[in-house]
Amino acid sequence: AQSVAQPEDQVNVAEGNPLTVKCTYSVSGNPYLFWYVQYPNRGLQFLLKYITGDNLVKGSYGFEAEFNKSQTSFHLKKPSALVSDSALYFCAVRDLNYGQNFVFGPGTRLSVLP
Amino acid sequence: DVKVTQSSRYLVKRTGEKVFLECVQDMDHENMFWYRQDPGLGLRLIYFSYDVKMKEKGDIPEGYSVSREKKERFSLILESASTNQTSMYLCASSPDDSPLHFGNGTRLTVT
């Protein structure tokens, strides 16, 4: 069965510092991997995805993520955090062996402190 | 730009009521999904549909049903609402092999 883990409930980082939000996954086949962000009282917004190709994926708002097959990880990164990046971040995986289903991690709350 | 619209942002219902949550997408996507979001649990899939009149159970379908009579509309039905169904409900749509596009959610409270 497919699963996604986000080992940190909360990540705190100072504005201007680099940030990392961690994600590991488990699938039986080749994964499609996604990051989403959720601002208060809103739905989820797509940030970036990995399907195939270059292991470093660039997305919206200066975010990027690195796919590591051997470690089954897909960590979200940003070189310089902004206060406006404070939100809830979800990692998701889609295993084509399971059709259209996306499986989400529990979420990580990012707080960027001024 | 893709738009997924959920008819209500906030809803308060009584235990035992039948509840309808409506979702409409404007991009002709084949796939539509209903998730519920609870703190610490992330998003859990209730039902999804990959075509008109087609539906598949997700991870937590008990107590829910769905209807997809038209491609753009996917309805979630709580047959007899219970307090443990108090949650944020998120609708999403996608074409094949593409990311999900979410609505803004419906926060349902069952008293």
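Every chain is numbered from 1, with letters handed out A, B, ... down the list of sequences.
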Given heavy-atom pairs under 4.5 angstrom as the criterion, report whether the side chain, backbone, both or neither of [X] touches chain A.
X: B/Leu41; value: backbone
X: B/Tyr10; value: side chain
X: B/Glu56; value: neither

Q: Mind ranking A/Asp9, A/Val4, A/Leu44 by heavy-atom pairs under 4.5 Å with chain B and telling me who comes out on top?
A: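 Ranked by contacts with chain B, first place is A/Leu44.
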
Q | Engaged part of A/Gln6 at the chain B interface, taking heavy atoms whose separation is under 4.5 Å | A |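 Contact with chain B involves no heavy atom of A/Gln6 at all.
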
Q. If we ignore angles and hydrogens, is there a donor and acceptor under 3.5 Å between the side chains of B/Glu17 and B/Ser80?
A.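 No.
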
Q. Can you tell me how far CG of A/Leu76 sits from CG of A/Leu110, rounded to the nearest 0.5 angstrom?
A.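 Nearest 0.5 Å value for the CG-CG distance: 8.5 Å.
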
Q: Locate the shortest heavy-atom distance separating B/Phe33 from B/Asn31; write the atom from each residue and the value.
A: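 Scanning both residues completely, I find the closest heavy atoms to be CE1-CB, 3.7 Å.
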
Q.
Does A/Lys49 qualify as a cation-pi partner of A/Phe34, given the criterion of NZ or CZ under 6.0 Å from the six-membered ring centre and within 45 degrees of its axis?
A.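 Ring-cation test returns no.
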
Q. With distance as the sole test, does B/Gln6 use its side chain to make a donor-acceptor pair with the main-chain N or O of B/Arg9 at under 3.5 Å?
A.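 No; zero donor-acceptor contacts below 3.5 Å.
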
